[in-house]
Amino acid sequence: MSEERSLNFIEEIVEEDLASGKNNGRVLTRFPPEPNGYLHIGHAKSICLNFGLAKKYNGQTNLRFDDTNPVKEDVEYVDSIKEDVKWLGFEWAQELYASDYFDKLYDFAVALISKGLAYVDDSTAEEIAAQKGTPTEPGTPNQYRSRSVEENLQLFADMKAGKYPDGAKVLRAKLDLAAPNMHLRDPLMYRIKHAHHHRTGDAWCIYPMYDFAHGQSDAIEQITHSICTLEFVPHRPLYEWFIEQLEVFPSKQYEFARLNMNYTVMSKRKLLQLVTDGFVDGWDDPRMPTISGLRRRGYTPASIREFCERIGVAKRENMIDVGLLEFCIREDLNKTAWRRMAVLDPVKLIIDNYPEGQTDVFSGENNPEAEDGDGSREFPFGRELWIERDDFMENPTKKYFRLGIGLMVRLKNAYIIKGESIVKDEEGNITEIHATYIPESKSGNDTSGINVKGTIHWVSVEHAKTAEVRLYDRLFQVEDPSNEDGDFKDYINPNSLQALSNVFIEPDLANATPCKPVQFMRKGYFVLDKNSTPDKLVFNRTVTLKDGWVKK
RNA sequence: UGCCUGAUAGUAUAAUGGUAGUACGACGGUUUUUGGUACCGUUUGUCUAGGUUCGAAUCCUGGUCGGGCAACCA
């Protein structure tokens, strides 16, 4: 089936390269995160693309941390990134760091200075910005641009030696201050930062900029296909210029459109704000579009890989409906998750004609999708049960086929019952529903001849365990919070988390284990939260079941 | 009034000069001891105006609209 799928434009490029014998048939990609935040679903797209390509064409992928800005980076992020990539199911050929190449990069810079293609500029950031001109006006050179090679060499060495404070000088490429492409107007190559680096410590006080680190790292590793997102398209001429001047391995850069998904944000900067401002419970809050958040929410690696496969890879801006992600996790979990019964919003059901103190034990298959039901488990039945409050309707509409006075419904894996009467408190809330059961309708041995339309889930009052259940909704109230007026945080959905502290679950659920998703029948897929304990079970709802019932 | 880049159903994504497909969604139906699943069916599209061609989503020209670019961020 995968051979029937048409190729995306990058696969086409790779196949052309393979056909023409380029790189001797070698395919080496890289995934290059900056360790300044946690990975999100957009990174998953890039991971699946880079690792998937290598896998498909017998190549390899390096994990390379783009750690050239020490003030923003941290080992916490390095560790989380490695965990997330592994969890998604991918193996990198080498774990590398741009900082591994600092010596090499320094030599590259010296080489460019020696060729008269780079110079040390003493201007302030503001002056440099002003001298760059605007997109419609060319930039103007300053006096530093004409410094001699010897002077530049000495100054750059002094920069490295720590003779100057932050911001005092920068190293710039000498290109074209009138270039229509702003990135070619003498871009910065090095800046001074007396900052502690998470790997190189205090060995350096000058750090290369992205444009003078990324392509060079690609070349050092002999990356064949360097895949990045669309905003780097205007950097490509620079990428190629440096490679050409340095006469290093000619890695090629290709750009695809990043993933956007509605009702969330997809930038590390914004996600960091949600974390630091306390709108969520950390990077792995189940509402976050981070890999770790999705994992805690109950998403599986396979479902995320499938999602990345389905969204495709192209060059046009896109906005993916979060519904597609939900489809992918339902599709996966439907086949694997064991079915259990849990009553989220309980109301008491009393079966008047069922003897007090009597207990039946019923059983139900773990998964009706599996050949043999994937085994089964037992659960007790008694005179008093918890059922879902909205599985009863006092004045049922014609199309409602659950419980009502005089209406019959099947208790899943047990008996058919008929609603008889209700008891209300002073405020008019239903406190008890009374019903009678049909003894001949016993599940698996039904001789009643009665056909009911509806089946509802239930839990025995006497035997039920309790749990906390957390229901999640979209984090934002609008499709594209970043594109609205004002601050994106103004559009946060105040009801994105609903915690139900008194949920009744069938006894077998006490054996639930983390990482093992379950389906609460008719309610959705759930997974144990990382903070769950045997004494206080906490379930996260991954996703609801698709609801084909439109009320009214 | 610069440069780069893109435009195909509601959303994504194919068709690489030769019947505009697929998936998700929506809608309808069959099955069902989950209003789930499965299965079947319906619906909706080439930004625009010209041109080349026997034939254009595809090639050419103009326009329109979207995105990116002027960080000592990546």
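- Only the P atoms considered, A56(B) is 23 Å distant from U22(B), to the nearest whole Å.
- Only one option out of Lys412(A), Arg410(A), Arg522(A) pairs with Asp391(A) in a salt bridge (Lys or Arg N to Asp or Glu O under 4.0 Å); it is Arg522(A).
- Cation-pi check for Arg236(A) over Trp241(A) is not met; the charged atom does not lie both under 6.0 angstrom from the ring centroid and within 45 degrees of its normal.
- No contact: Phe256(A) has no heavy atom under 4.0 Å from any strand.
- At the heavy-atom level, Gly167(A) lies under 4.0 Å from base atoms of the strands shown.
- The phosphate of G36(B) (OP1 or OP2) has no side-chain N or O of Lys412(A) nearer than 4.0 angstrom.
- No contact: Gly139(A) has no heavy atom under 4.0 Å from any strand.
- Pro237(A) comes within 4.0 angstrom of nothing in the nucleic acid, heavy atoms only.
- Within 4.0 Å of Lys268(A), counting heavy atoms only, lies no atom of the nucleic acid at all.
- Using a 4.0 Å heavy-atom distance criterion, Tyr207(A) is classed as making no nucleic acid contact.
- Across all strands shown, Gln519(A) has heavy atoms under 4.0 Å from base atoms, whether or not it also approaches the sugar-phosphate.
- For the segment residues 168-178 of chain A, residues with any heavy atom less than 4.0 angstrom from an atom of RNA chain B are, sorted by number, Val170(A).
- Comparing the same atom, P, in G18(B) and in C59(B) gives a spacing of 12 Å after rounding to whole Å.
- Residue Thr124(A) places none of its side-chain N or O atoms closer than 4.0 Å to OP1 or OP2 of C72(B).
- Residue contacts for Ser267(A): at a heavy-atom cut-off of 4.0 Å it reaches no nucleic acid atom on any strand shown.
- Ser376(A) and Asn366(A) get closest at one heavy-atom pair: N-ND2, 3.4 Å.
- Remark: Lys160(A) qualifies as a cation-pi partner of Tyr106(A) under the 6.0 Å distance and 45° angle criteria applied to the six-membered ring.
- Note that Arg147(A) lies outside the cation-pi zone of Tyr119(A), set by a 6.0 Å cut-off to the ring centre and a 45° limit from the axis.
- With Tyr207(A) as the aromatic partner, Lys193(A) does not meet the cation-pi criteria of under 6.0 angstrom to the ring centre and within 45 degrees of the ring axis.
- As judged by a 4.0 angstrom heavy-atom cut-off over every strand, His235(A) is placed among the base-contacting residues.
- Counting any heavy atom pair closer than 4.0 Å across all strands shown, Arg339(A) reaches a base atom.
- Note on Ala125(A): a base of the nucleic acid sits closer than 4.0 angstrom, heavy atoms only.
- Minimum atom distance to the side chain of Ala314(A) is reached by A14(B), of the listed C69(B), A14(B), G35(B).
- Taking 4.0 angstrom as the limit, Arg269(A) places none of its side-chain polar atoms (N or O) nearer than this to OP1 or OP2 of A71(B).
- Nucleic acid contact for Leu545(A): base, since at least one base atom lies under 4.0 Å from a heavy atom of the residue.
- As rounded to whole Å, 11 Å separates atom C1' of U13(B) from atom NZ of Lys45(A).
- Using atom P as the reference point in both U37(B) and A26(B), the two lie 10 Å apart (nearest Å).
- If you check every strand for non-hydrogen atoms under 4.0 Å, Tyr190(A) touches nothing.
- Tyr101(A) contributes atom OH, which lies 13.5 Å from atom OG1 of Thr68(A) (distance to the nearest 0.5 angstrom).
- For the segment residues 316-331 of chain A, the set of residues with a heavy atom within less than 4.0 Å of an atom of RNA chain B comprises Arg316(A), Glu317(A), Asn318(A), Met319(A), Ile320(A), Asp321(A), Leu324(A), Phe327(A), in numerical order.
- Contacts of Val313(A) with the nucleic acid, taken as non-hydrogen atoms under 4.0 Å apart, involve only primed sugar atoms and P, OP1 or OP2.
- With hydrogens and angles ignored, no donor-acceptor pair closer than 3.5 Å exists between the side chain of Arg522(A) and the base of U34(B).
- If you take CZ of Arg258(A) and P of G66(B), they are 20 Å apart, rounded to a whole angstrom.
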